[in-house]
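The next block holds one structure in the form of structure tokens; read it before the comments.
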Amino acid sequence: MYIDQHNGVDMGVDLKDIIPGEAKTVIEDLRILHGKIIVIDGYNALYQFLAAIRQPDGTPLMDNSGRITSHLSGLFYRTINIVEAGIKPVYVFDGKPPELKAREIERRKAVKEEAAKKYEEAVQSGDLELARRYAMMSAKLTEEMVRDAKSLLDAMGIPWVQAPAEGEAQAAYIVKKGDAYASASQDYDSLLFGSPKLVRNLTISGRRKLPRKNEYVEVKPELIELDKLLVQLGITLENLIDIGILLGTDYNPDGFEGIGPKKALQLVKAYGGIEKIPKPLLKSPVEVDVVAIKKYFLQPQVTDNYRIEWHTPDPDVVKRILVDEHDFSIDRVSTALERYVKAFKENIRGEQKGLSKWFSRPK
DNA sequence: CCAAGAAA
DNA sequence: TTTCTTGGG
């Protein structure tokens, strides 16, 4: 478990430092994924938009009634870009979190409440930069925001799947079944749930501001392949789950004392499994049910009750939601919709009918 | 984060 | 054309 340097919020299991370069491919041009179905972690995406799309003082985008709209702006424009690149997106949304996560949810709630206080203080003292950081940290995704997002996707003709529990688990399941090419999230959790492929940084404009400094770094999308990862490290998926648990997951956020990426890999390889590691080597401030956590990663709650189908976008409904209900600019939305409808016809509807994109239209 | 207009 | 800055809601 770690605190993300960018938005200051917890991000699940941190496998960053144990993923070998051989298992990662930088995606220089998103069109490399042309024609591929990608299952996007909806909560992860919405949360990022909510945290990032803000004014310098931390104020999010809002409609005339004061309702937050940052998540809708991000979802709308990014989905258009993804479809323009020829990718077929499906979103998956979290359901009821598993009982194992209860502690972590409480912890996050406390962190957000603390951040909300500090945000007020920073606003009082006039420290804009600090205010923005705390605003990002205290960002909360409400049920209404998720409902709005789902309605927008419906209007855009983009399918979404309601997971019974963890969205990352459902995404992994869909990819494993072969109903999608890869999962997409900033978190690594779907790998522990067995997703064969994970895309991170699924964006077009790849400039990201560095936390403290006034600098930007180029962030390109990357593909992580589970089989290559396991072969390169010489471990099994169960071993990888063990490593995740040693480092800390949503179900044991603190991990174990004094164990980082290197030691975790070494211990798991030396003993063959987390349950075989001598207890004295695993020091933790709280009791951790390693067996239950491991079992959850191996057999999470998922469902077959989903349909991945794209429907013709309804520009009028999109406008009703964005312009009429949430005060988006009609000009911007119309321009974007024109791009979208065109890209949708070329990249999604065309291929769905089984026609080669080279022969399906004149010129 | 993304779009759009300005600046380079 | 590409890169940077600002505003979006």
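So that the names make sense, note that chain A is the first sequence line, chain B the second, and so on, each numbered from 1. Predicted model, so just to flag it, every value in this text is computed and none were measured.
Atoms CG (A:Asp57) and C1' (C:dG8) sit 14 Å apart, rounded to a whole Å. Summarising the geometry, the separation between CZ on A:Arg332 and P on C:dT6 is reported as 15 Å, rounded to the nearest angstrom. Rounded to an integer number of Å, the gap from CD of A:Gln55 to P of B:dC1 is 17 Å. Atom CG in A:Leu50 sits about 13 Å away from atom P in B:dC1, given to the nearest Å. When rounded to the nearest whole Å, the span between CZ of A:Arg54 and P of C:dT6 equals 21 Å. A:Glu84 places its CD atom 13 Å from the P atom of B:dC2, with the value rounded to the nearest Å. Atom pair A:Leu61:CG and C:dT6:C1' shows a separation of 13 Å (rounding to whole Å applied). Rounded to whole angstrom, the span from the CD1 atom of A:Ile82 across to the C1' atom of B:dC1 amounts to 12 Å.
Judged by distance alone, the side chains of A:Asp57 and A:Thr59 do bring a donor and an acceptor atom under 3.5 Å apart.
For B:dA3, the OP1/OP2 oxygens have a side-chain nitrogen or oxygen of A:Asn81 closer than 4.0 Å. Within the structure, a side-chain polar atom (N or O) of A:Arg78 is placed less than 4.0 Å from OP1 or OP2 of B:dC2. OP1 or OP2 of B:dA3 has at least one side-chain nitrogen or oxygen of A:Arg339 nearer than 4.0 Å.
Distance from the side chain of A:Phe49 is smallest to B:dC1 among B:dA3, B:dC1, C:dG9. When each of C:dG9, B:dC1, B:dC2 is scored by its nearest atom to the side-chain atoms of A:Tyr77, the top-ranked nucleotide is B:dC2.
Counting non-hydrogen atoms of other residues, nucleotides and ligands closer than 6.0 Å to CZ of A:Arg103 gives a total of 12 or fewer.
If you check every strand for non-hydrogen atoms under 4.0 Å, A:Ser70 touches nothing.
The main-chain N or O of A:Val13 is never found under 3.5 Å from a side-chain atom of A:Thr249 such that the two would form a donor-acceptor pair.
Ring-plane geometry between A:Phe193 and A:Phe297 is classed as tilted, the angle between the planes lying from 30 to 60 degrees on a 0 to 90 degree scale.
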Check step by step if ring-ring contact (aromatic ring centres under 6.0 Å, His included) holds for A:Phe76 and A:Tyr340. CA-CA 10 Å; A:Phe76 180 57; A:Tyr340 178 60; 7.5 Å; no
